[in-house]
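To start, the structure under review is shown below, and the notes come after it.
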Amino acid sequence: MPDWEAVIGLEVHARLLTQSKIFCSCSTTFGAPPNTHVCPVCLGYPGALPVLNRNAVELAIRAAVATGCRVNERSVFARKNYFYPDLPKGYQISQFEQPLATGGRVGTVRLIRIHLEEDAGKLIHAADASLVDLNRAGVPLIEIVSEPDIRSAADADAYLDANVSVHRRGERLGTRAEIKNLNSFRFLRNAIEFEISRQIAILETGGSVRQETRLFEVASGETRAMRSKEEAHDYRYFPEPDLFTLQIDHAWVEDVVRKLPEMPHARVERYKRLGISAVDAEALVATRELSDYFEAVAAGGNPKAAANWVRNEVLRIGHFRIPPEMLTKLIAMIDKGTIGGKVAKEVFDEMAAGGEPPDGIVERRGLTQVSDPAAIREAARRVIDGNPTQVAQYRGGKAQVFGFLVGQLMKETRGKAKAELANEILREMLDSVAR
Ligand SMILES: [Zn+2]
């Protein structure tokens with residue numbers, strides 16, 4: 001059985017959340033009636049001229065710096081020529097030889113480039129006709145192209161368009177097939193898994209994989225040849241004559257960097273400086289919501305305890321409905337010795353169920369930890385008086401009876417005596433009785 005290795009590269013299209021389209025002032029709002037957000041520019045009328053949307057460029061720079069790309073000082077828009085009914089101009093304005101940004105990485109996957117381009121319209125297939133809606137034509141996109149650094153469908157999960165090829169380990173890379181339009185995580189995984197086994201089956205029976213574009217069919221879970229894969233020269237790229245070279249100066253990039261929210265890896269480093277373990281820190285930045293919640297709890301002044309409570313208890317209940325300031329208060333009550341750890345977990349579950357603040361729950365149920373030495377001494381006196389046999393045994397040197405007596409003392413205080421203090425006081429009293 002040969003040892004096959006899959007090689008997967010991803011081309012991800014991400015929509016930039018601008019108010020207007022990339023080359024005209026039409027709205028990008030989704031869900032409007034067909035062909036209401038259109039103008040001569042995005043309808044591709046002859047003679048209409050594109051004007052670049054500064055905000056689209058800014059958002060693309062933002063994506064580039066967030067993924068560690070180098071933003072190129074000069075980049076060039078290019079016409080990508082092809083015919084399709086949802087593309088009235090007969091070409092898409094994209095970037096080819098000189099993209100906006102190069103390099104960078106997402107996790108362990110290296111990026112080749114990020115470039116700006118416009119989206120096409122949408123075809124709607126009715127029973128007896130196909131209709132075209134051009135509201136989406138000209139919506140700004142970035143295409144994020146990765147190196148073929150991914151080796152399994154699971155690794156590829158976070159991406160949409162995939163290039164797949166297989167080769168025997170140690171041999172040169174195989175011919176690749178491109179799978180188009182994978183618009184859900186599940187389809188992406190299924191399509192890649194199908195494609196890997198399809199290519200292995202061909203190669204194992206002595207065949208060869210054709211370089212082509214394939215379409216994933218949801219019903220069968222298979223990929224099907226769509227067309228032989230175009231090469232870049234099929235598109236007859238040439239620089240877009242209606243737009244200037246895009247010049248991005250250093251100051252603009254610096255400004256975007258300054259306005260960028262803190263990235264997850266930076267948060268991890270900051271959490272570690274607060275004394276949180278690397279494993280906990282990584283877990284806490286899994287989502288923005290979790291990370292923000294943790295920070296709100298940690299603001300109460302005990303970040304390590306906050307990390308423990310959020311990682312263990314909040315993730316256990318699976319929601320963020322306990323206001324962070326209530327959890328902060330609970331942690332403070334433990335720190336102050338008002339309640340012990342065991343009682344705190346009970347209070348937490350009640351907070352999760354009913355939304356009552358922790359001090360209210362403790363008060364109502366009388367859960368306050370007893371750390372008043374006089375009260376504990378009084379209870380210890382009752383235990384000593386009530387268990388003369390065991391006290392005598394302890395005095396006689398039977399040390400293990402102490403555990404029983406502590407148990408009685410905890411029972412006497414309904415579990416609320418502060419454990420260390422109860423131990424200390426009881427031992428002291430037993431020893432003085434012995435003397
Ligand atoms: Zn328009």
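As the structure lists them, so they are numbered: ligands from 1, and atoms in each ligand from 1. Side chains included, hydrogens not; waters and symmetry mates left out as well; all remaining heavy atoms used. Here the structure is a predicted model, which means the values were calculated and not measured.
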Report yes if the side chains of Asn55 and Glu58 come closer than 4.5 Å at any heavy-atom pair, otherwise no. yes
Just to be sure I understand the site: which N, O or S atoms from the protein are less than 2.8 Å away from the Zn ion (ligand 1)? Cys24 SG, Cys26 SG, Cys39 SG, Cys42 SG
Extract all donor-acceptor atom pairs below 3.5 Å that involve side chains of residues 86-94 and protein atoms in other chains or at least two apart in sequence.
residue	atom	partner	partner atom	Å
Lys89	NZ	Glu118	OE1	3.2
Lys89	NZ	Glu118	OE2	2.7
Tyr91	OH	Arg79	NH2	3.2
Gln92	NE2	Glu118	O	2.7
Ser94	OG	Glu117	OE1	2.9

With a 4.5 Å cut-off on side-chain heavy atoms, are Lys329 and Asp359 touching? yes
When you look at CZ of Arg316, are more than 12 heavy atoms from neighbouring residues, nucleotides or ligands closer to it than 6.0 Å? yes
Counting only N and O atoms by type, is there a donor-acceptor contact under 3.5 Å from the side chain of Glu217 to the main-chain atoms of Ala219? no
Do Phe294 and Val285 make a side-chain contact, defined as non-hydrogen atoms from C-beta onward lying under 4.5 Å apart? no
